[in-house]
Amino acid sequence: MRMSQFFLPTLKETPAEAQVVSHQLMLRAGMIRQTSAGIYAWLPLGWKVLQKVAQIVREEQDRAGAQEMLMPTIQSAELWRQSGRYEAYGKEMLRIKDRHDREMLYGPTNEEMITDIFKTFVRSYKDLPKNLYHIQWKFRDEIRPRFGLMRGREFLMKDNYSFDLDVEGAKLSYRKMFLAYLRTFARMGIKAIPMRADTGPIGGDLSHEFIILAETGESQVFCEKRWLDLDVLADDPGYDSDLKDFFAKYTSLYAATEEMHDAATAPAELETARGIEVGHIFYFGTKYSAPMGAVVTGPDGNPVTVEMGSYGIGVSRVVAAIIEASHDSNGIIWPDPVAPFHVAVVNLKADDAECARVSEEVYAKLQAAGVDVLLDDRNERPGAKFADMDLIGIPWQLTIGPRGLKNGVVELKRRATGEKQELPVEAALAKVTG
RNA sequence: CGGGGCGUAGCGCAGUCUGGUAGCGCGACGGUUUUGGGAACCGUAGGCCGGAGGUUCGAAUCCUCUCGCCCCGACCA
């Protein structure tokens, strides 16, 4: 992408309405535009990041055996009456009426709908287990939306639903998602810690919130420091195992949110921090399958009400949470896997023939190599270019200027560390693509 | 929903108390000089002062109503 043509409305000053750093930086970096309280349009840069995050979620869901589908945002109130939640849900649910005065709603979640779809088609235990997901916009009419995308009203969520014949199967499905979530966040370059969550009336120990540590987090969390040293991607036993050992290892360390924290049972040496919830997994048995009649015929010919679980990742919130966890005073520092561009080629002097020639050549080579590259070919002053690049947080900045070219070198800067080195063009290319 | 605050140019703000023909900085546009960390100078454009009523000779400013947004609390990916 050429910056001279890219729709990237960056701001020098921080808009007054933004209080938290992720909101401020997303506005300044030209990623989003608020259209109503808690509702945002995603501009090209933001949309690129959102899609990268969604794609990692998608790949890990697929890898864990879940299947992608897409359910609508608008649902019928009828479905929710079957589960009893239409009355129970309260004002967070946006209720609307169509032209025939039929009661509809903008879905805050999809348990009812997926259960309805499931029961229509699945009749035999032989069809189990099943795990279905979609990545779709949700709406929850929060009393007070705030913190930009951290607590919006409309948000993009990956939600999936597992269906099993028995509790043991449901627990295995749960452990698979537990692993999938750890892998998902690890791949995004962030440390999300699973913390025991309230299971409400269901009871048991099968609900975890996945929390990212960040100073601006909404809730107080407590965990053992050793958590931060675990390497999930290295520990991954694969989905063919029963995952019991893995699950045991990753739930043995203490980690709890404020609500679940119990100083009496907690170890003495505890890390206290602020946390942002980015995912939540939940086993809930027959809470929906029973009232909605999701029943299959078991091996013995008798009907079995299926065991269900649901699993959510706040995809749009993750984007904000990553910024909360990874920024400095100059702007965003994207972890490589979710960065909107891998490298920015900064032509320091756009009207200099040699600078332009080398920049274009580097740009073309990187594109040919399949690298997501942004070329700053604007006729701006160097300071403005550097400031923009730091602001939008591209992991590598490859600066091409007349001073360096005279000596046959370009400057390669790593956004995360600020480390700069002068290299011949080919060496810089190798470093960026390697 | 309770409590607090704010709506004036694209963005950040002053002006409101004490009514008198709307201003500053940044940004945009044109020009000249510049060019390795958000340049300098000259010039230009841009505002029903959120909206509707009212008071007044006269309202951004006072009164009433309304809409929107932000912050603090109870809810949540």
Side-chain angles (χ1 to χ4, degrees), chain A residues 9-20 23-24 27-28 30 33-39 53 57 88-93 107-110 135-160 181 185 192 197-198 200 208-212 218-219 257 259 275-282 310-321 329-331 346-352 355 376 378-391 397 399-407 409-411 413 418 420 422:
Chain A
T10 58
L11 267 30
K12 200 160 158 182
E13 291 171 290
T14 301
E17 77 259 23
Q19 307 299 319
V20 299
H23 191 196
Q24 294 173 341
L27 290 169
R28 286 193 54 211
R33 163 76 180 175
Q34 179 168 332
T35 60
S36 305
I39 303 180
V53 169
V57 170
Y89 212 90
K91 289 189 172 174
E92 277 71 40
M93 180 186 283
T109 178
N110 285 63
I135 299 174
Q136 177 64 290
W137 294 94
K138 304 290 190 291
F139 194 93
R140 293 184 191 171
D141 199 0
E142 299 285 340
I143 297 171
R144 183 157 84 87
R146 61 183 127 170
F147 306 143
L149 282 159
M150 301 262 286
R151 175 87 63 87
R153 292 196 292 174
E154 189 184 52
F155 55 96
L156 189 62
M157 181 164 101
K158 185 284 301 174
D159 45 321
N160 61 313
Y181 272 40
F185 296 120
D198 190 6
H208 286 87
E209 291 178 0
F210 287 76
I211 307 274
I212 289 180
E218 289 187 84
S219 51
T257 58
E259 302 83 59
I276 302 165
E277 182 184 356
V278 288
H280 197 160
I281 59 178
F282 207 109
S310 72
Y311 317 86
I313 291 178
V315 177
S316 48
R317 176 185 280 184
V318 164
V319 174
S329 59
N330 293 326
V346 181
N347 179 355
L348 267 197
K349 201 165 156 91
D351 54 3
D352 179 279
C355 285
D376 191 348
R378 297 172 303 166
N379 193 16
E380 289 289 338
R381 300 173 62 82
K385 296 192 174 206
F386 292 134
D388 268 339
M389 286 308 164
D390 284 351
L391 175 61
Q397 293 173 21
T399 300
I400 296 170
R403 207 173 71 191
L405 285 186
K406 228 180 290 174
N407 303 315
V409 295
V410 295
E411 182 188 277
K413 174 179 159 182
K420 300 173 190 170
E422 302 215 313

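Since the model is a prediction, treat every value here as computed from it, not as a measurement. Side-chain atoms are counted along with the backbone in the values below, which use heavy atoms only and exclude waters and symmetry mates.
B/rG25 and B/rG36: their C1' atoms are spaced 27 Å apart (whole Å). Across B/rA22 and B/rC69, the matching C1' atoms stand 24 Å from one another, rounded to whole Å. Rounded to a whole angstrom, the distance from the C1' atom of B/rG15 to that of B/rC6 is 16 Å. A gap of 15 Å separates the P atoms of B/rG27 and B/rC11, to the nearest Å. On the P atoms, B/rU56 is 46 Å away from B/rG73, given to the nearest whole Å. Across B/rU8 and B/rC49, the matching P atoms stand 11 Å from one another, rounded to whole Å. Between the C1' atoms of B/rA59 and B/rG53, the separation comes to 13 Å (whole Å). To the nearest whole angstrom, the two C1' atoms, one in B/rC67 and one in B/rA77, are 30 Å apart.
Within the 4.0 angstrom heavy-atom criterion, base atoms lie near A/Lys413. Among the heavy atoms of the strands lying under 4.0 Å from A/Asp351 is at least one base atom, whether or not backbone atoms are also near.
No donor-acceptor pair under 3.5 Å is formed between the side chain of A/Lys385 and the backbone N or O of A/Asn379. Checking side-chain atoms of A/Glu142 against main-chain N and O of A/Arg144 turns up no donor-acceptor pair under 3.5 Å. In this structure, A/Arg140 contributes its side chain and A/Glu154 its backbone to no donor-acceptor pair below 3.5 Å. Under the 3.5 Å distance criterion, the side-chain polar atoms of A/Gln24 are matched with a main-chain donor or acceptor of A/Ala18. Put simply, the side chain of A/Tyr89 never gets that close to the backbone of A/Pro108: no donor and acceptor are under 3.5 Å apart.
Defined by atom type and a distance below 3.5 Å, a donor-acceptor pair is present between the side-chain atoms of A/Asn160 and A/Lys158. Inspection of the A/Thr399 and A/Gln397 side chains reveals no N or O donor paired with an N or O acceptor under 3.5 Å.
Separating the CZ atom of A/Arg381 from the P atom of B/rA40 is a distance of 8 Å, rounded to the nearest angstrom. In this entry the distance linking CG of A/Asp388 with P of B/rA39 reads 11 Å, nearest Å. A/Gln397 places its CD atom 14 Å from the P atom of B/rG38, with the value rounded to the nearest Å. Per the geometry, CG belonging to A/Leu348 stands 5 Å off C1' belonging to B/rG36, to the nearest Å. When the P atom of B/rG38 is taken as reference, atom CZ of A/Arg378 falls 14 Å away, rounded to whole Å.
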All N/O contacts under 3.5 Å from nucleotides 24-26 of chain B to the protein, with atom names and distances to one decimal?
from: B/rG25; atom 1: N2; to: A/Glu13; atom 2: OE1; distance (Å): 3.0

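At a threshold of 4.0 Å, the pair A/Asp388-A/Arg28 does not count as salt-bridged, since none of the basic side-chain nitrogens sits closer than that to a carboxylate oxygen.
For B/rU34, there is no paired nucleotide, since no Watson-Crick or G-U wobble pair has both relevant distances below 3.5 Å. Figure legend. B/rU18 is base-paired to no nucleotide; pairs are counted as Watson-Crick or G-U wobble with both atom distances under 3.5 Å. Nucleotide B/rC65 has B/rG51 as its partner under the Watson-Crick or G-U criteria, with both atom distances under 3.5 Å. B/rC76 is unpaired under the Watson-Crick or G-U wobble criterion, no partner having all donor-acceptor distances under 3.5 Å. Base pairing analysis places B/rG43 opposite B/rC29; the two distances defining the Watson-Crick or G-U wobble pair are each below 3.5 Å. In this structure B/rC13 sits in a base pair with B/rG23, meeting the Watson-Crick or G-U test at under 3.5 Å.
A donor and an acceptor atom never sit less than 3.5 Å apart when one is taken from the side chain of A/Glu380 and the other from the base of B/rG38. On a pure distance criterion of 3.5 Å, a polar donor-acceptor pair joins the side chain of A/Arg28 and the base of B/rG38.
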Whether each nucleotide of nucleotides 69-77 of chain B has a protein heavy atom under 4.0 Å at its base (B), only at its sugar-phosphate (S) or at neither (-) is summarised, 5' to 3', as SSBBBBBBB
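A/Glu218 and A/Met150 make their closest contact through OE2-O, 4.5 Å (heavy atoms, listed as atom of the first residue, atom of the second, distance).
Distances from the side chain of A/Lys349 to the nucleotides B/rG38, B/rG12, B/rU35 place B/rU35 closest.
With rounding to the nearest 0.5 angstrom, the CG atom of A/Leu348 is 9.0 Å from the CD1 atom of A/Ile400. The distance from atom CZ of A/Arg151 to atom CZ of A/Arg317, rounded to the nearest 0.5 Å, is 6.5 Å.
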